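Note that the structure is predicted; figures quoted are calculated from it, not measured.
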Amino acid sequence: MKSLKLISSAITMLICFVTMAQERTISGIVSDKYQQPLPGVSIYIQNTKISATTDFDGKYSIQAKTGDMLVFSFIGYETQKQKVQNSNTINIRLNEYSQTLNEVVVVGYGTSENTSDYSARSYERAERRKEKREASKTLKGKVAGIQVQNSVGYVASPSSTTVIRGNATISPKNEPMYIIDGVPAKANQMAKINPNDIKDLKVLKDEAATSIYGSKASNGVVVISTKNEMYKNLSEKELDKKLNIIPIPTEPTQEDYDSFVENAFESPKTAPLSTFSIDVDNASYTNIRRFLNNGQQVPKDAVRVEEMVNFFKYTYPQPKNEHPFSINTEVSDSPWNSNNKILKIGLQGKNIPTNDLPASNLVFLIDVSGSMGDMNKLPLLKQSMKILVNELRAKDKVSIVVYAGAAGMVLPPTSGDEKKTIIDALENLQSGGSTAGGAGIELAYKTATENFIKGGNNRVILATDGDFNVGSASNSDMEKLIEDKRKTGVFLTCLGYGMGNYKDSKMEILADKGNGNYAYIDNIQEANRFLGKEFKGSMFAIAKDVKIQIEFNPKQVQAYRLIGYENRKLRPEDFKNDAIDAGELGSNHTVTALYEIIPAGVKSDYLAEQPDDLKYTKTEPSSNNYSNELATIKFRYKKPDGDKSIEMVQTIENKSVALEKSSDDMKFSSAVAWFGLKLRDSKLIADKSSEEIVKLAKQGNSNDGEGYKAEFIRLVEGAKQFN
């Protein structure tokens, strides 16, 4: 009996030992203090050779067992350790080192040491010794903000490039000098070098830098030597060409944006109704982000404030009745005009489970003309479409139509589970020829209608730089064509790519006049967001022709103005006219609109003189004061396959909360609108302080798992040079 107990005990111990020793996948996200994901972070198991690196989204996975010690290391950040226990998910937040490149001394040519900085330099030297043992990781972690990542694609690629974290090309004042094989280089050139080609790298500072390279090296020097000196004696243009770098134009002279005048304040006595179409597009924000990341001045007409605000997601509740969206309102103080108020209107689309979504009939309409040859056009486009293909189900089908000098079909309707066939067709696309956009649109819609799924999601997805022609009058002909095509019941998604010759105005017309939405894809991360993470909202409409009409109470409101939505405004009589097109709302999408209000009795420099001696149009105030009502708001929408509008009505209470006590959504959306108005050089905002915009955005920064809000804060901070 005793021996049986011993055997049983031994078996139990063995099972425990095997369980502890069993490897499993540990995954998580590594972020900074702003909750922004950190790509390129090194994760390894202490005392082993097992390692991993975070991807574009800060995500990692590593094989480990209970008791293993994970080490998270990234130069510029404090190293953290975390023991593997019961959970398979370990999320880590790294804190920045107080030292920057200018404060780190690397012994390259015998630079002297100060004892006060000894620990920082010892840490740096240890990292250098480690990196010499790992030649393929020469650049990663060498300097704060520099990292190695896989080349563009939705899956890892064998080739790698190096990027400066945050794309901080807004030329920081303390940027170091870069030398590649003895040739002075720019940060974007250094960032494109394959780390596998690097033989040696040194970071010089102070006298070690300036004694060799002069005053230009006062912020330090990053010296790179490649194998076989492959970049020696190249000019700047030759270096760009060899590294496949697309020159960024100083000014976007060939880009095209429709001009518009921002909405002015109106009196509810003379303009009692404000009517507009919702807008779920966010192309303006990603386009602005591209300009700022490239260190360029943002064209005034590229800024559409509503698209900036609607890039971000807010925490509105799901609808609880038969309607496809919930309505949420909030009133608080205006951050830029202290005597005014802000009314926020938020819609939250119903979140439909993926399995319950209708079957899709998608037609990819792809521009393969000569203007699409750049790396950030057709190559990025193809990788983007792969992300979308990855979301498809067996019941979905895809066709591919292309256009250049002529239009043609390269893939007939193909089931969504035949992903290899679809991806192979994408990979075979090459650019060349002119831009017969009209023929492409005709063929795409013909294909979509011939394969129409009743009750399904029928959609053309146009991907282009917008540089095409439709008919002799171009924009007017295109507007008529797309208005005719929306009658087919086929929806439209426009994806914009590229820079320099980008035609935003044409993309806007297509999205506005058809049953459309519009996104600008500035990088593969944005493609992953719009076509992957937000696939349902981007591709599946739950309500169409959504209109909003608001009537302000003149007893409480002296004047109002709609912030943004200038090209989405409608006439009052359009609200009940079902023939008038309006915006679409996708599954789980949010839409936010902001009004600025001058309360009754407040003196304001923005008020126009109101006539008080009218004879025929004098408006008598209502005998009912409605003192508890600020406004009445109405909504009309159609079901995706319906023709008749459904109306919703809601009263907005005359109740305001102080800005510091308002919701995070109110603070952050107001900060985004504030920045947009600043970029447009609005004459209707008194305070244009970037510091105050950042402060408000930080106060409202919550529910930012993807790091987009933290990125916005950094964009505002980086754009101070344009003040």
Side-chain angles (χ1 to χ4, degrees), residues 56 152 154 255-258 277-293 302-313 349 360 362-367 372 376-378 380-391 444 457 459-467 482 491-499 502-541 564 567-568 583-592 672 676 706 708 711-712:
F56 284 23
V152 169
Y154 83 111
E255 298 194 11
D256 189 22
Y257 300 92
D258 274 342
S277 158
I278 69 162
D279 188 358
V280 296
D281 299 340
N282 48 54
S284 179
Y285 178 77
T286 51
N287 196 25
I288 289 168
R289 180 174 67 188
R290 182 254 297 188
F291 280 115
L292 293 176
N293 279 336
V303 181
R304 295 185 288 273
V305 177
E306 74 279 5
E307 293 187 22
M308 295 179 65
V309 172
N310 282 315
F311 176 86
F312 302 95
K313 301 305 172 189
S360 291
L362 304 179
V363 180
F364 296 173
L365 175 55
I366 299 176
D367 182 351
M372 291 293 291
N376 59 355
K377 293 186 180 181
L378 187 58
L380 176 58
L381 185 160
K382 292 194 283 189
Q383 299 298 337
S384 303
M385 290 304 194
K386 291 177 185 178
I387 294 171
L388 194 155
V389 171
N390 197 46
E391 299 292 331
N457 176 37
R459 186 176 295 268
V460 169
I461 301 171
L462 169 63
T464 175
D465 61 4
D467 192 10
I482 209 67
F491 289 83
L492 174 68
T493 293
C494 299
L495 304 179
Y497 293 85
M499 66 177 78
Y502 186 63
K503 308 303 180 188
D504 174 84
S505 60
K506 292 185 178 180
M507 304 294 279
E508 267 284 286
I509 289 174
L510 290 168
D512 287 356
K513 301 302 178 182
N515 284 331
N517 57 355
Y518 167 34
Y520 176 78
I521 308 297
D522 56 339
N523 53 44
I524 197 65
Q525 293 95 325
E526 178 59 20
N528 190 52
R529 183 192 73 86
F530 187 79
L531 299 173
K533 297 170 184 174
E534 298 183 11
F535 172 74
K536 291 193 298 182
S538 304
M539 297 295 154
F540 291 88
N567 59 6
R568 296 288 183 145
E584 281 63 52
L585 184 66
S587 172
N588 207 35
H589 247 161
T590 61
V591 175
T592 299
V672 177
E706 303 295 336
Y708 296 120
E711 178 189 51
F712 168 78

Discussion item. If the test is side-chain hydrogen bond (donor to acceptor under 3.5 Å, both in side chains), which one of Asp504, Asp258, Asn310 qualifies with Arg304?
Written reply: Asp504
Worksheet item: Are any of the side-chain heavy atoms of Met507 and Thr464 separated by less than 4.5 Å?
Response: yes
Item to complete: Given side-chain contact (heavy atoms from CB on, under 4.5 Å), test Arg290 with Asn287 step by step and report yes or no.
Response: CA-CA 5 Å; Arg290 182 254 297 188; Asn287 196 25; 2.6 Å; yes
Practice prompt. Spell out, as yes or no, whether a donor-acceptor pair under 3.5 Å connects the side chain of Asp512 to the backbone of Arg568.
Written response: no
Fill in: Leu388 and Phe364: CA distance, side-chain angles, deciding distance, side-chain contact (heavy atoms from CB on, under 4.5 Å) verdict
CA-CA 11 Å; Leu388 194 155; Phe364 296 173; 3.8 Å; yes
Worksheet item: Considering only heavy atoms from C-beta outward, does the side chain of Ile461 approach that of Leu362 to under 4.5 Å?
Response: yes
Worksheet item: Got a salt bridge between Glu711 and Arg529, using NZ or NE/NH1/NH2 to carboxylate O under 4.0 Å?
Response: no
Practice prompt. In sequence, state the C-alpha distance, the side-chain angles, and the governing distance for Phe540 and Phe535, and then conclude on ring-ring contact (aromatic ring centres under 6.0 Å, His included).
Written response: CA-CA 8 Å; Phe540 291 88; Phe535 172 74; 5.6 Å; yes
Fill in: Derivation of the salt bridge (Lys or Arg N to Asp or Glu O under 4.0 Å) call for Glu534 and Lys313
CA-CA 11 Å; Glu534 298 183 11; Lys313 301 305 172 189; 3.8 Å; yes
Worksheet item: Passes side-chain hydrogen bond (donor to acceptor under 3.5 Å, both in side chains), Arg459 versus Ser360? Steps please.
Response: CA-CA 8 Å; Arg459 186 176 295 268; Ser360 291; over 6 Å; no
Worksheet item: When you look at Lys503 and Asp465, which way does the side-chain contact (heavy atoms from CB on, under 4.5 Å) test go after all the steps?
Response: CA-CA 6 Å; Lys503 308 303 180 188; Asp465 61 4; 5.9 Å; no
Worksheet item: Under 3.5 Å, side chain of Asp279 to main-chain N/O of Asp281, donor-acceptor pair present?
Response: yes
Discussion item. Closer than 3.5 angstrom, by distance alone: can the side chain of Thr286 be matched with the main-chain N or O of Asp522 as a donor-acceptor pair?
Written reply: no
Worksheet item: Does a side-chain heavy-atom distance below 4.5 Å link Ile288 with Phe311?
Response: no
Response to the item:
Separation between CG (Asp367) and CG (Leu378), nearest 0.5 Å, reads 8.5 Å
Discussion item. Could you tell me if the side chain of Leu531 sits less than 4.5 Å from the side chain of Met539, heavy atoms only?
Written reply: yes
Fill in: Tyr285 ring center within less than 6.0 Å of Tyr520 ring center
no
Worksheet item: With no hydrogens and no angle check, do the side chains of Ser505 and Asp256 hold a donor and an acceptor under 3.5 Å apart?
Response: yes
Item to complete: Over all heavy atoms of both residues, which pair between Cys494 and Ala511 is shortest? Give the atoms and the distance, please.
Response: SG-N, 4.2 Å
Practice prompt. Please confirm whether the backbone N or O of Glu584 pairs with a side-chain atom of Asn515, one donor and one acceptor, at under 3.5 Å?
Written response: no
Fill in: Main-chain N/O of Ser284 paired to Glu307 side chain as donor or acceptor, under 3.5 Å
yes
Worksheet, complete the sentence: CD of Glu526 to CG of Leu495, rounded to nearest 0.5 Å, is 10.0 Å
